[in-house]
Structures are given as C-alpha cells and as structure tokens.
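We're numbering straight along the sequence, starting at 1.
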Amino acid sequence: MEDSTGSNPQSPGFTEKLKSWLSWSWTYVCFLWFGMVLIMIYVLWSPLKLQETLTSASVFLNTLTPKFYVALTGTSSLISGLILIFEWWYFRKYGTSFIEQVSVSHLRPLLGGVESSSTTGLFSSVNGDAEPRPSVSECKVWRNPLNLFRGAEYNRYTWVTGKEPLTYYDMNLSAQDHQTFFTGDTQQLRPEDAVMQKAWRERNPQARIRAAYQAIEINHQCAAAYVLLAEEEATTITEAERLFKKMKSNSTLYIYPASGKDINLLVYIKRRLAMCARKLGRIKEAVKMMRDLMKEFPLLGMLNIHENLLEALLELQAYADVQAVLAKYDDISLPKSATICYTSALLKARAVSDKFSPEAASRRGLSTAEMNAVEAIHRAVEFNPHVPKYLLEMKSLILPPEHILKRGDSEAVAYAFFHLQHWKRAEGALNLLHCTWEGTFRIIPYPLEKGHLFYPYPGCTETADRELLPSFHEVSVYPKKELPFFILFTAGLCSFTAMLAMLTHQFPELMGVFAKAFFSTLFAPLGFFADKMESFMPSSFWHQLTRI
C-alpha cells in the first residue's frame, strides 16, 4: 500500500476530492436535471409537436390488440425469470447477488460510499492461522468455569422473578458431575458417600439439603455434603465462603489426598473459594489462589481454571498478565473457547479502538495494528458468532447455565455475562466490534458450513442449547446468509409479470382495457403540465422561444 501511494501522491487526493464533490453535489444535480427536463419539455412542446405525438400514441394504444399485451407480459416474465435464475446461480456459487456486488463495487465508490476498494481490509481477513485439530465430539457439553452459586445467585433470581434460570437437563448434568467427581472411588462406597449419591439425584432442593445433613451426621468431615450446602443452602456468597473454608480446614483429604476423586473435590473447593474472593472484591487474593491452584495441579487443564484467571486479571486491568496467560493457552494444539478468542480480540482491539474511525479507515486504509485487531475479531466471531449481539446489547442477557456448549449460544451467554464490563471499559472496543463483526460472514467460504479459520460450525448446537437454556430465553441460531434484496426483488418481479401474462392470456379484452387506462393515466400529466404552463406564460414569450 505504501509503494502504490508513494508512486503517485497526487492522484489519490484528487480522486478522493472528486468523489466527495460528487457525493455532495449529487442531490443538487438531480434537482437541476429534473428542472432542465421540465424546461425542455415546455420549450419543445410545440416545435416537436409533442401534443400530436401524445395523441398519436394514444391512438396507437387504442389500436393495439390483446395479442400484443400477451406477448409483452410473456416477454417481460421470461426476461425477469432469466435474471432470477442467473442471480440465484451466482448467489449459490459466491454467496452474494451479482447486481448488489456490481453496485457495491463500482457504483457506491463513485457516489462517496464508505465501502470502497480501500475498505476491503476492514471487512476481510487473511488466512493467518492454521486450522486447529477437530474436536472429538462436535457437541460436547462442558462445565461452565464461571458457573454461579445456586443458593446465593440462581435462587435469588427465582425469588425475584419467579422464573427458573436452570433447566432440568442442566441440573441433571451437574448431578452426574458431582457423582463422578465427589464420590470416593473405593471398591465399596462409604456410608456418607452412598447418602450423597442419592442426594445428587434428588430433584427437590430441600430433599438434597436434608440428605447432606444426614451425611454430615454420619461423618462430620464429609466434604461433599458441605459442598452441597455451600452451593444450595447458603443464601449469600459470604456464607458460602465460610462453609468452603470450613471444609478446607477440617477435611482430612486436604492433608492426605487419598484418591483421584478426593483430589477433584479438593480442587473444586479451592476453586470455589477463589471465586468467592473474586465476587467479594478481593481480586488480588483470587488471582493468587487461582495461580497456586494451576501450579499445584497442572494436569487438570480440562477444568479450565485459566478462564477464571483471565476474567479476574481483566478486572484488575492487568493486560500484560492477560497476554501472558493467552500466550500459554491460545495454542494451535489446545481447544479454543469464546473466552480465549474474544479476550485475544479485546486486547488487540484495545490498542487501536480509542482512535479508530470507520470513515478515517475507509479513506486511508487499515494500519497493521488495526488489521490485526480486525482479524482477531473475525477469528473470534467465526468461532462463536452469537457473542457480538450480547456484547453490543442487541440481545438481552440472562443468567448463564451451569453447562455450556462451545461455539453455542450457551457459551455466548456465559462469556458476555462476565466479560461485557471489560469490553465497555476499553474505550472504543465495542465500536470497533460493531463496525467489523458482520464482515466475518463475508469472508467465510460459501456455503457457511465450510468454515475459514476453524472447522465447520456444528449443526447440532441449536438443539443442545435449547436443552441448556431456559424456555423464556430466545435461543440464538447460527446466522445464515439471507437472500439478497435483488434476488427477492427479481423473484417478486418475475412472479408479478408471470401473473400478468397468465391473466392477459386468460382475459385479453379486460387486461387490454386496464393497460390502455394505465398508459392514458401515465401520459396525462404531461399534457396537463404543458397546458398549465402555456396559460401562465405570455404568448409572445412562447413565440420567441419557438423561433429559437
């Protein structure tokens, strides 16, 4: 780009000035042209014998036979049908309308439109990333790393609104997780573990709480029972933190982790304590606890503790530390998530968003930093296309579910619920997202299922999201390319002309009467305008003009 501008520095400036002048004067030129047409009609009304021409045209229309109208409507229907077939073929192959493409690429730049050839970088991307390896299961459901507390948060929402934020499917998945992770893996279940096995399966919250107290009576150090009480009985985060701390200090597994499932329980307790500290405003303490947890148990990356750490670091505005975490986990060999992709996009957008302007970018093109930010946004949107509408508040948020589906609406809700404030804090980041996110769907090969930077978008996400999200929430569906306006217009025109051709063939006399009346109405204003103008203007002036 620098070489081309350096070779002829005056040409781009002259072209831009010419375009801006044309755009500014276009409205006035239209009015001037319309006025000149009226004056020419008035001046040439008599020399060209326009009155006689209108009369002869009227006579000609009256002499037309119904066969002419049948041929006219049939030909029009055939031409519009051929245009429709060509437009549909072009759309199926390239994903856009041919007429729209020509108008956007060639006509709009001449009229001063912002989407010119210099802005193609604003809505396009380069294949900078290799495709990651495909996932084992396209629609694998994951535990939400930032899931809320049932008693202190979900239940409070139910008390206020009367709506259930969690579906039975979601809670059933949590029960299965608890049975798998928190029950001892010995050959024979301990009595308190057997009670807790039944407790997780209870649908009634009060029955689960009673079963937890029963397990505590059997063993006062039953950590799984305290987990249930902290999650469901505690009505505040402070009370939940107190119960988790009690487990951490009193439980024997904290000192002697005897089995893999006991270690899972210990990790869960420490993680929830860190989340309690984050919710209570002790963010630095939460960051330290998360870092220690990741160092102590490096093999438990499947729990996605780094996503908790990223959110806490963003709250601290420690962007250098966020970049360091991303450098470790945003790797080609590791599975992606909305948190990783959109946090990376946020950091790159934050560097340029405070001075970003779409108008300025359309004039001078994108800088290297702006191009990197736009490509990062395109990458994030392709991974999960549902997130931008929540971040831009085009769609209302709800409480996130306890389980999410990667690349689905449930993951978008969970990400936006916790990270919207971080995007708002970065000046201009949401504006840059608003200007560029829809361009992602222009660069994805058509049909959309082919993908661009990632493997094809799973088609089963909508079904799984409807199971995870409550019924009062409108599930976001993967944006499909809508039919362009010109295809719809051509289809309507083809249908209308075909209907006219059929009616004209069936009722030729009646349609002939309608056609004559239409053309008479169309030409009547010209004669009326000439008569009015002639009555206002002096006859001497009229004769002088006709002599000229």
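Within 6.0 Å of CZ on Arg156 lie no more than 12 heavy atoms contributed by other residues, nucleotides or ligands. A 6.0 Å sphere centred on CD of Gln176 holds more than 12 heavy atoms belonging to other residues, nucleotides or ligands. Within 6.0 Å of atom CD in Glu474, 12 or fewer heavy atoms from other residues, nucleotides or ligands are found, so the atom counts as exposed in its surroundings. Atom NZ of Lys389 has 12 or fewer neighbouring heavy atoms from other residues, nucleotides or ligands inside a 6.0 Å radius.
Annotation: the span from Asn172 atom CG to His403 atom NE2 amounts to 9.5 Å, rounded to 0.5 Å. A distance of 8.5 Å separates CD in Gln323 from CG in Asp330, rounded to the nearest 0.5 Å. For the atom pair OG1 (Thr235) and CH2 (Trp159), the distance works out to 5.5 Å, reported to the nearest 0.5 Å. Between the CD atom in Glu285 and the CG atom in Leu273 there is a gap of 9.0 Å [rounded to 0.5 Å]. Between the CZ atom of Phe417 and the CG atom of Leu397 there is a distance of 7.5 Å, given to the nearest 0.5 Å. Taking CD from Glu411 and OG1 from Thr339, the interatomic distance works out to 6.5 Å, rounded to the nearest 0.5 Å.
A donor-acceptor pair under 3.5 Å is absent between the side-chain atoms of Asn431 and the main chain of Ser353, judged by distance alone. Side-chain N or O atoms of Arg271 include one that pairs as donor or acceptor with a backbone N or O of Leu303 at under 3.5 Å. A donor-acceptor distance shorter than 3.5 angstrom exists from the side chain of Arg407 to the backbone of Glu382, with no hydrogens or angles considered. When atom types are taken as modelled, the side chain of Asp409 and the backbone of Val475 share no donor-acceptor pair closer than 3.5 angstrom. Judged by distance alone, with hydrogens and angles left aside, the side-chain atoms of Thr167 form no donor-acceptor pair with the main-chain N or O of Pro470 at under 3.5 Å. In this structure, Asn144 contributes its side chain and Pro401 its backbone to a donor-acceptor pair below 3.5 Å.
Annotation: side chain of Glu393 is in contact with side chain of Lys424 (closest heavy-atom distance under 4.5 Å). Side-chain contact between Asp177 and Tyr268: absent, with no pair of heavy atoms (C-beta onward) separated by less than 4.5 Å. In this structure, Asn147 and Arg272 have side chains that are in contact, with non-hydrogen atoms separated by less than 4.5 Å. With a 4.5 Å cut-off on side-chain heavy atoms, Val322 and Leu346 do not count as touching. Between Trp423 and Gln421, every side-chain heavy-atom pair lies at or beyond the 4.5 Å cut-off. Residues Lys395 and His473 form a side-chain contact, since some pair of their non-hydrogen atoms from C-beta on lies under 4.5 Å apart. No side-chain heavy atom of Asp170 sits less than 4.5 Å from a side-chain heavy atom of Val141. Residues Ile398 and Pro165 form no side-chain contact, since every pair of their non-hydrogen atoms from C-beta on lies 4.5 Å or further apart.
In this structure, Glu315 pairs ionically with Arg425, as a charged nitrogen and a carboxylate oxygen lie closer than 4.0 Å. The residues Arg150 and Glu402 are annotated as salt-bridged, a charged nitrogen and a carboxylate oxygen being separated by less than 4.0 angstrom. Ion pairing between a basic and an acidic side chain is recognised when a charged N comes within 4.0 Å of a carboxylate O; Lys279 and Glu241 show no such pairing. The existence of a salt bridge linking Glu375 and Arg379 is excluded, since no basic side-chain nitrogen approaches an acidic carboxylate oxygen closer than 4.0 Å.
If you check the side chains of His386 and Asp465, you find no donor sitting under 3.5 Å from an acceptor.
Contact detail for Thr461 and Leu405: the closest heavy-atom pair is CA-CD2, 3.5 Å. Here the shortest heavy-atom pairing between Tyr342 and Val381 reads OH-CA, 3.4 Å. Residues Glu153 and Leu399 approach most closely at O-CD1, 4.3 Å, considering heavy atoms. Minimum heavy-atom separation, Ala230 to Phe149: O-CD2, 4.3 Å. Considering every non-hydrogen atom in both Arg143 and Ser174, the closest pair reads NH1-OG, 2.9 Å. The two residues Leu430 and Leu392 have their closest heavy-atom pair at O-CD2, 3.5 Å.
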Go through the steps for Ile340 and Tyr329 under the test side chain to side chain contact (heavy atoms under 4.5 Å, CB included), then give the verdict. CA-CA 8 Å; Ile340 290 177; Tyr329 289 95; 4.3 Å; yes
Test log, rule side chain to side chain contact (heavy atoms under 4.5 Å, CB included), inputs Leu146 and Arg278: CA-CA 11 Å; Leu146 297 170; Arg278 162 68 182 91; over 6 Å; no
Please assess Leu313 against Tyr319 for the test side chain to side chain contact (heavy atoms under 4.5 Å, CB included), listing each intermediate value before the final yes or no. CA-CA 7 Å; Leu313 290 173; Tyr319 297 110; over 6 Å; no
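If you run side-chain contact (heavy atoms from CB on, under 4.5 Å) between Lys270 and each of Ile305, Leu293, Asp292, only Leu293 comes through. Tested against Ser337, the residues Lys406, His306, Glu307 include a single side-chain hydrogen bond (donor to acceptor under 3.5 Å, both in side chains) partner, Glu307.
Ring geometry, His419 versus Tyr415: the interplanar angle falls under 30°, so the pair is classed parallel (tilted spans 30 to 60°).
Stacking of Lys336 on the aromatic ring of Phe383 is not recorded, the 6.0 Å distance cut-off and the 45° axial limit not both being met.
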